[in-house]
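Notes to accompany the following structure.
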Amino acid sequence: FCIYDYGLPLYYVWKAQQLFEEGVALYNNNQSNEALEKYQKSIREFDGLPEAYLNIGTIYMNAGNLDSALYYYDLTLEKSPAFDLALFNKGVVLYNRNDYRAMVNIFYQYEKTAPENHEHDLMMGDAFYDLELVDSAYYYYHRAEQENKRSSALSYMLGRVMMDKENWKEAESYLQDALQQDSTLAD
């Protein structure tokens, strides 16, 4: 038997899947280095599992090795261009590298593949605010607020956006809300 267009015997695919699952178990037991080895062995057996590349990228991202994480998320997306978790994680890496323009483009792709998810709204708001695109920042902060992600940080950023828009009454309301949630913001 051969699978897909890879021309590989089914045994190699099965072996790769087994190694991948062993890697998942190790990762879930906080054994990232051992999991990384299993994922790499899985890829050597059969490179058609985008999840293996994704998980390697996640291990690197969690270790703070953003360049390697980005490399593996790109490999994941080569194998599966609409893999929403790979798009999201790549966006997070780009956000952490302060590469906001690239992050925005990735998150726009993410929105097409996972329109019901809004985990990225705060990052998009932050990126647009740093890029001085206040209306776009407001749009994403407001979406986050509608998703009940209200926090002192979000209220504070909405207050800053309202100040930039010269909407003083709303700015004051958001900033007071932020102070009520976190009095250290007054310092």
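- Of the possible polar contacts, none joining the Asp47 side chain to the Ile43 backbone as a donor-acceptor pair under 3.5 Å is found.
- To the nearest 0.5 angstrom, Ser152 atom OG is 11.5 Å from Leu175 atom CG.
- Side-chain atoms of Tyr129 and Asp164 form a donor-acceptor pair, as typed in the model, at a separation below 3.5 Å.
- Here the CG atom belonging to Leu19 is positioned 9.0 Å from the CH2 atom belonging to Trp14, to the nearest 0.5 angstrom.
- For the atom pair NE2 (His120) and CE (Met123), the distance works out to 8.0 Å, reported to the nearest 0.5 Å.
- The closest donor-acceptor contact from the side chain of Tyr141 to the backbone of Ser155 lies at 3.5 Å or more, if one exists at all.
- Counted by atom type alone, Glu21 and Gln17 present one or more donor-acceptor pairs between their side chains at under 3.5 Å.
- Asp126 and Tyr95 are linked by a side-chain donor-acceptor pair at a separation below 3.5 angstrom, with hydrogens and angles left out of the test.
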**Request:** Start with the C-alpha gap between Glu111 and Arg143, add the side-chain angles, then the distance that decides, and say whether salt bridge (charged side-chain N to carboxylate O under 4.0 Å, His left out) holds.
**Result:** CA-CA 13 Å; Glu111 288 178 354; Arg143 268 185 27 171; 3.6 Å; yes

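- Salt-bridge annotation for Lys38 and Glu22: present, with a side-chain N of the basic residue lying under 4.0 Å from a carboxylate O of the acidic one.
- In this structure, CG on Asn105 lies 15.0 Å from OH on Tyr100, to the nearest 0.5 angstrom.
- Remark: Ala114 engages Asp84, Tyr110, Glu116, Asn117 in a side-chain contact (heavy atoms from CB on, under 4.5 Å) (not counting sequence neighbours).
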